Amino acid sequence: MRPLSKAKAGWLLTAMLMVSATAGHASPATDPLAPTGRWTASDRGNAPTPPMGWNAWNAFQTDIDETKLMGSAQSLVDLGLAKLGYVYVNLDDGWWLKRRQPDQRMQVRAAAFPSARDGDNTNFRPMVDRLHAMGLKAGIYTDLGRNTCSQAYSPNGPNMPEGSTAEREVGIYDHVDGDIRTYFADWRFDYVKVDACGITDYTADRPHMKPYGYRVFDPIMFHGRPALNKNADIRALYQQVSDALAKYRPDNDYVFSICSWGQGDVRAWGKQVGNSWRTSDDLYPQWPRMLHNFDSASTRELYSHPGAWNDPDMLYVGAGDFDEAHLTEARTHFSLWAMIDAPLLIGYDLRKATKPLLDIWGNADIVALNQDKAGNQAVLAYRSGEIDILVKTLADGRKAVAVFNRDSQPFTATLTAGHLKFDATAPVTLTDLWTKEKQPPFDKELKIKLAAHETRVFMADGTRSLPQGLYLSEMTGRINVADDGVVAPEPDPEAFRTSSWGSTQGGGDWPVYTGWGGAQPDASPYSTGLAIGTKGFASGIGILANSRMEVRANAEFKRFTAEVGVDNATRNRSARVKFLVYGDGRLIAQTPPVGFGDPSARIDTDVSGVKIVELVARSSSGDAPVAVTWGNAALSR
Ligand code: GAL
């Protein structure tokens with residue numbers, strides 16, 4: 001039997017709900033929109049704040065060895081970076097020698113990592129123990145398929161796996177249990193990055209296949225063809241890794257980093273499976289590439305929260321367009337990554353670190369924004385071709401704001417109290433977190449001069465416009481978008497802005513990362529201003545209908561209020577949508593069905609003592625996506 005489409009199921013269930021007026025619980029097995037009364041995102045792994053540390057790849061590629069790795073680890077300690085939180089020391093591609101036959105035990109390249117020599121065997125445990133003794137943590141790298149990225153992209157490079165075809169199959173495919181046991185139970189690694197070339201780059205027609213005798217892997221991912229990706233299969237393979245990690249590390253003290261480069265619809269489900277997921281292809285130390293990677297994560301605020309982070313790739317501070325001759329750009333790159341709660345993984349040979357670069361990684365105020373325990377990824381308060389204004393609400397209710405000049409010309413931006421969701425009649429004081437200067441207080445607005453490519457980051461003190469509560473868009477770290485209503489994943493045009501790899505060959509860098517139509521704070525799912533009929537909303541959540549969000553209220557609030565309706569951005573003007581609010585699984589408010597052009601409906605309901613508020617929008621007809629708005633949605637004390 002073909003399963004019902006989600007939209008049809010939604011319609012049926014709306015009808016069922018209308019019949020039994022008190023129905024609060026439909027069976028979750030049959031209804032994806034049924035309330036669960038709990039937080040259903042993955043709680044595996046240990047990443048309450050974005051992981052910080054160092055990774056070998058951007059500095060060394062596969063030319064990595066123990067001296068280089070331990071040298072950078074020692075530098076993390078000696079330079080005071082470890083104390084700031086940079087504790088993960090992560091291997092990347094290039095560490096392996098072979099998969100021993102016939103017992104399949106992975107062998108380390110002991111010529112490069114001498115401490116791993118262990119009789120007939122190899123063992124990373126001594127190196128990992130040394131890192132632990134230094135107060136650091138250790139990360140390892142593998143691939144979801146049978147073979148690796150370097151075996152496809154630089155098969156003649158240094159440190160390629162050796163031996164027969166089977167011995168060179170060092171990826172985790174068909175070996176998930178055994179490899180994770182080796183890496184986590186035996187060797188005691190704390191972090192794993194799982195790449196994805198093995199499931200896409202080993203088709204018979206590729207030039208590396210014959211000369212290197214690799215086994216063909218029937219692809220489940222297709223470069224540049226997101227519509228063909230077998231998203232469920234890709235997710236299921238990553239889920240296997242997650243399950244093995246849980247099995248071999250019941251202490252839950254590990255990080256699972258998914259590296260499928262924004263493919264496989266990972267930007268939607270990453271938070272259900274791992275602790276971070278790449279939102280795009282690799283970062284290169286080029287300005288346009290930095291913009292591209294930043295854009296791939298910057299509108300995904302609602303998909304990240306403590307334990308689960310959007311990953312626009314590792315830092316390239318210190319190289320190319322972000323080297324010491326380009327400190328403005330380097331500070332911008334770092335500031336943006338910090339603001340959007342990206343993992344902060346240094347990609348530089350730290351044995352050569354200089355003061356100007358250290359002042360960037362070591363800016364404790366900027367690091368503190370990234371590590372703020374609320375885990376609210378900065379929300380885009382303003383975006384144009386030239387200027388982005390990003391506002392991050394911190395755990396103590398204060399705000400950090402980054403004003404970012406994307407352009408190669410100086411620009412004077414206007415920051416308003418409204419951008420900060422501050423009361424415009426009360427003074428606002430900014431402290432610059434790069435220069436440490438405190439600005440004289442302003443009200444309403446302030447002109448801010450920016451050099452080309454400059455980002456200024458401030459701590460902002462003022463009077464919040466909702467002093468007794470929070471707009472949901474100020475607490476994205478407490479929201480899990482359990483179902484965003486996207487039925488057919490479409491590429492997201494927001495990350496379509498770069499001359500790829502510095503060239504203008506072909507038709508351009510077409511959008512390939514799906515997620516378009518996903519939930520957004522203070523914007524519709526199609527990146528327009530929130531609007532229900534003639535009424536616009538500066539605050540709120542835009543999402544498609546047939547969606548469910550879980551909000552961690554933690555019994556801290558008294559009321560939930562919102563003005564809801566079909567957003568003008570809807571692709572479907574005939575559907576009718578019902579909004580339902582649940583408190584710990586119990587229906588506590590609902591609206592009559594509303595349609596396109598109808599005025600907003602008001603919800604105002606008691607949430608005293610409620611731990612999880614669930615927000616459901618059900619649509620009657622799924623012919624085309626229905627955009628809805630939870631306008632001014634807020635929890636108040
Ligand atoms: C890429 C990955 C990089 C690096 C490289 C190693 O797929 O995105 O971060 O790990 O493979 O070959």
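Every value quoted in this text rests on a predicted model; they were computed, and no experiment measured them. We count ligands from 1, going down the list as the structure has it; atoms in each ligand are counted the same way.
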_List the residues meeting side-chain hydrogen bond (donor to acceptor under 3.5 Å, both in side chains) with T67, not counting sequence neighbours, and say none if there are none._
none
*Is there a side-chain contact between E324 and L357 (heavy atoms, below 4.5 Å)?*
yes
*With sequence neighbours left out, what residues match F189 under ring pair (Phe, Tyr, Trp, His ring centres under 6.0 Å)?*
F124
_Could you tell me if the side chain of D195 sits less than 4.5 Å from the side chain of W261, heavy atoms only?_
yes
*Go through the structure and list residues passing ring pair (Phe, Tyr, Trp, His ring centres under 6.0 Å) with F222, not counting sequence neighbours.*
none
_For ligand 1, give me the residues whose heavy-atom distance to it is below 4.0 Å, by chain and number please._
W57, D92, D93, Y141, C149, S150, K193, D195, C259, W261, R278, D282, M314
*Spacing of CZ belonging to R130 relative to CD belonging to Q74, to within rounding of 0.5 Å*: 10.0 Å
